[in-house]
Chemist: 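If you scroll down you'll find the structure; I have some questions about it.
Lettering follows sequence order; numbering is per chain, from 1.
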2 protein chains.
Amino acid sequence: MKGKPDYNIPEPTLRRLPRYYNYLKALLNRGREVVSCTHIGKDLELDPPQIRKDLAYTGIRGLPKVGYQVEELIKSIEDFFGWNNIDEAFLVGVGNMGRALIDYKGFSRYGFKIIAAFDNDSEVIGKTFNGIEVLALNKLTSLCKRMNVHIGVIATPDHAAQEVADMMIAGGIIGIWNFAPAEIRTPEGVIVQNENLAAGLSVLCKKLQMLKQSGKIRQEVIE
Amino acid sequence: MKGKPDYNIPEPTLRRLPRYYNYLKALLNRGREVVSCTHIGKDLELDPPQIRKDLAYTGIRGLPKVGYQVEELIKSIEDFFGWNNIDEAFLVGVGNMGRALIDYKGFSRYGFKIIAAFDNDSEVIGKTFNGIEVLALNKLTSLCKRMNVHIGVIATPDHAAQEVADMMIAGGIIGIWNFAPAEIRTPEGVIVQNENLAAGLSVLCKKLQMLKQSGKIRQEVIE
DNA sequence: TAGAAATCGAGAAAAATTTATCGATAAAAA
DNA sequence: TTTTTATCGATAAATTTTTCTCGATTTCTA
């Protein structure tokens with residue numbers, strides 16, 4: 001039904017890998033040199049065979065009885081995702097979410113850099129946040145073309161999302177990271193990653209609700 | 001699978017339901033009264049049987065040849081998640097992400113409300129954002145107990161996450177929505193929902209990378 | 001150096017999730 | 001009224017993802 005290109009790497013794996021990465025970085029900071037799947041599994045509450053399989057996708061090989069070299073493993077994940085070649089992106093919508101994304105220093109670690117922001121509110125146009133200038137929205141399409149940017153971040157209210165997406169696509173953007181709670185329609189060949197905070201929140205609240213209904217609630221609060 | 005609530009709801013379903021909800025709200029705004037899975041499927045690029053199955057978890061029943069009443073469906077999802085009884089939450093970490101969450105008006109729709117924020121930076125303690133006061137971090141545990149709050153949001157840097165989680169748990173919190181890129185250890189009976197922005201970003205970048213490698217890149221940019 | 005222990009890699013088995021099928025039913029058309 | 005069509009609900013099939021199993025390999029210990 002969905003005309004998606006066939007990626008043979010499971011998406012759950014793709015989502016777990018950055019988690020291993022963060023964890024491994026922390027391990028390295030603490031001076032650890034080797035680590036086994038058994039060990040990772042204990043800390044991350046995942047099954048060792050699954051971790052082994054996930055890591056294998058990046059092409060790493062471990063040593064029986066020992067595990068993996070932490071540093072090598074980190075590099076393997078970085079190479080797998082191509083985090084060494086920085087992807088430049090444009091962000092549209094300098095509200096709170098937009099600013100949080102602009103200000104977040106951590107994305108450079110993932111080979112991702114927001115190089116300009118756009119808005120149509122004259123209050124913010126011309127201002128600079130975290131070294132990133134806010135430009136007028138009507139320049140978006142032409143600048144995408146001129147600067148050959150092909151990733152766009154949408155952090156606008158939902159009603160503006162489709163229009164912004166259209167402008168991005170007209171400018172040649174092929175990957176959209178969408179934070180607006182709206183569905184956006186795109187032509188074949190454009191990849192949309194929806195980041196829906198409500199999804200995670202709903203999962204949490206539903207699980208709590210079920211926990212409460214089951215009566216297995218934690219009561220041993222230290223008074 | 002009729003009537004009785006099912007405690008084995010697939011997590012993918014739980015994550016899709018809020019998406020249907022947003023979509024249905026938009027439909028209702030445009031004046032639509034009934035909708036079929038076929039129709040939803042076209043707009044959301046999902047298979048109708050899957051949508052039908054997802055919606056069935058909320059207990060709704062459709063009519064052959066017609067579909068579902070939009071308004072009824074919206075209500076069914078709301079009831080399913082319990083979005084009518086507001087869950088109150090404390091947030092810790094009033095950096096950019098924390099402020100984005102505080103400022104985001106949309107959570108009330110999901111029965112979720114941040115009622116106070118905490119930080120240990122004297123620069124922000126005492127300030128108010130979007131009507132929410134920032135309190136000193138050392139009051140967190142006692143206030144959790146006193147106000148009987150049981151959901152906590154962590155929006156601190158990674159190195160503070162575990163400590164904050166421990167304070168929350170000591171105060172009786174049983175659900176943690178974690179935005180810090182760190183693993184937190186919790187006792188049995190505490191639910192942690194990790195919101196890892198890097199995961200979504202990585203999926204997007206990897207898919208783009210694979211798209212580029214496959215040579216199937218979109219070139220028809222309107223010049 | 002021999003034997004034990006830990007862990008890997010590969011592939012099989014199991015579980016979860018998605019997709020397809022089909023009879024039933026309601027509305028619309030003939 | 002009868003036939004046709006769209007859609008539902010339930011269930012079966014297929015696919016994907018996770019978990020298990022087991023032989024092989026490396027290190028540690030005696």
Chemist: Does the side chain of B:Asn196 come under 3.5 Å of the side chain of A:Arg15 through a donor N or O and an acceptor N or O?
Modeler: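 No - no donor-acceptor pair under 3.5 Å links their side chains.
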Chemist: To the nearest angstrom, how far is B:Ile40 atom CD1 from D:dT7 atom C1'?
Modeler: 12 Å
Chemist: Please determine whether a side-chain nitrogen or oxygen atom of B:Tyr68 lies at a distance below 4.0 Å from atom OP1 or OP2 of D:dG9.
Modeler: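 For D:dG9, OP1 or OP2 has a side-chain N or O of B:Tyr68 closer than 4.0 Å.
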Chemist: Going by atom type alone, with no hydrogens or angles, which donor-acceptor pairs under 3.5 Å involve a side-chain atom of residues 41-50 of chain A and a protein atom two or more places apart or on another chain?
Modeler:
unit_1	atom_1	unit_2	atom_2	d
A:Asp43	OD1	B:Arg185	NH2	2.6
A:Asp43	OD2	A:Tyr23	OH	2.5

Chemist: Could you check how far CD1 of A:Ile60 sits from P of C:dA10, rounded to whole Å?
Modeler: 13 Å
Chemist: Atom pairs under 3.5 Å, N or O on each side, protein against nucleotides 2-6 of chain D: can you list them with distances?
Modeler:
unit_1	atom_1	unit_2	atom_2	d
D:dA6	O4'	B:Lys65	NZ	3.3

Chemist: For A:Glu195, what residues pass the salt bridge (charged side-chain N to carboxylate O under 4.0 Å, His left out) criterion, not counting sequence neighbours?
Modeler: none
Chemist: By salt bridge (charged side-chain N to carboxylate O under 4.0 Å, His left out), which residues pair with B:Asp79, not counting sequence neighbours?
Modeler: B:Lys75
Chemist: Could you write out each protein N or O paired with an N or O of nucleotides 16-23 of chain D at a distance under 3.5 Å?
Modeler:
unit_1	atom_1	unit_2	atom_2	d
D:dT18	OP1	A:Arg16	NH1	2.7
D:dT18	OP2	A:Arg16	NH2	2.8
D:dT18	O5'	A:Gln50	NE2	3.1
D:dT19	OP2	A:Asp47	OD2	3.0
D:dT19	O5'	A:Asp47	OD2	3.3
D:dT19	O4	A:Lys53	NZ	2.9

Chemist: According to side chain to side chain contact (heavy atoms under 4.5 Å, CB included), who are the partners of B:Ala117, at least two apart in sequence or on a separate chain?
Modeler: B:Leu91, B:Val94, B:Ile102, B:Ile132, B:Val134
Chemist: Roughly, in whole Å, what's the span from CG in A:Leu55 to P in C:dT7?
Modeler: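 After rounding, the gap between these two atoms is 15 Å.
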Chemist: What residue pairs, at least two apart or across chains, pass salt bridge (Lys or Arg N to Asp or Glu O under 4.0 Å) with a residue in residues 162-178 of chain B?
Modeler: none
Chemist: Could you write out DNA chain C as a dot-bracket string, with dots for unpaired bases, | for bases paired across to another strand, and Watson-Crick or G-U pairs counted at under 3.5 Å?
Modeler: ||||||||||||||||||||||||||||||
Chemist: For the residue pair B:Met167 and B:Leu140, what are the closest heavy atoms and their distance?
Modeler: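 So the two residues come closest at CB-CD2, 3.9 Å.
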Chemist: If I take atom CZ in residue B:Arg15 and atom P in nucleotide C:dT17, what distance separates them, rounded to the nearest angstrom?
Modeler: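 Roughly 13 Å, once rounded to whole Å.
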Chemist: Could you tell me how far apart A:Arg61 (CZ) and D:dT25 (P) are, to the nearest whole angstrom?
Modeler: 11 Å
Chemist: Which whole-number value in Å describes the distance from B:Tyr57 OH to D:dA10 P?
Modeler: 12 Å
Chemist: Which residues pass the ring pair (Phe, Tyr, Trp, His ring centres under 6.0 Å) test with A:Phe112, sequence neighbours left out?
Modeler: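 Ring pair (Phe, Tyr, Trp, His ring centres under 6.0 Å) check on A:Phe112 returns A:Phe107, A:Trp177.
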Chemist: Taking only residues two or more places apart in sequence, or in another chain, which ones meet A:Lys207 in a salt bridge (charged side-chain N to carboxylate O under 4.0 Å, His left out)?
Modeler: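 In terms of salt bridge (charged side-chain N to carboxylate O under 4.0 Å, His left out), with neighbours along the sequence ignored, A:Lys207 is linked to B:Glu11.
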Chemist: Closest-nucleotide mapping onto DNA chain D: is B:His39 or A:Val66 further toward the 5' terminus? I mean the 5' end.
Modeler: B:His39
Chemist: Measure from CG on A:Asn8 to C1' on D:dT15 and round the result to the nearest Å.
Modeler: 15 Å
Chemist: Taking only residues two or more places apart in sequence, or in another chain, which ones meet B:Arg52 in a salt bridge (charged side-chain N to carboxylate O under 4.0 Å, His left out)?
Modeler: none
Chemist: Residues two or more places apart in sequence or in another chain: which of them pass ring pair (Phe, Tyr, Trp, His ring centres under 6.0 Å) with A:Tyr68?
Modeler: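 A:Tyr68 satisfies ring pair (Phe, Tyr, Trp, His ring centres under 6.0 Å) with no residue once adjacent residues are dropped.
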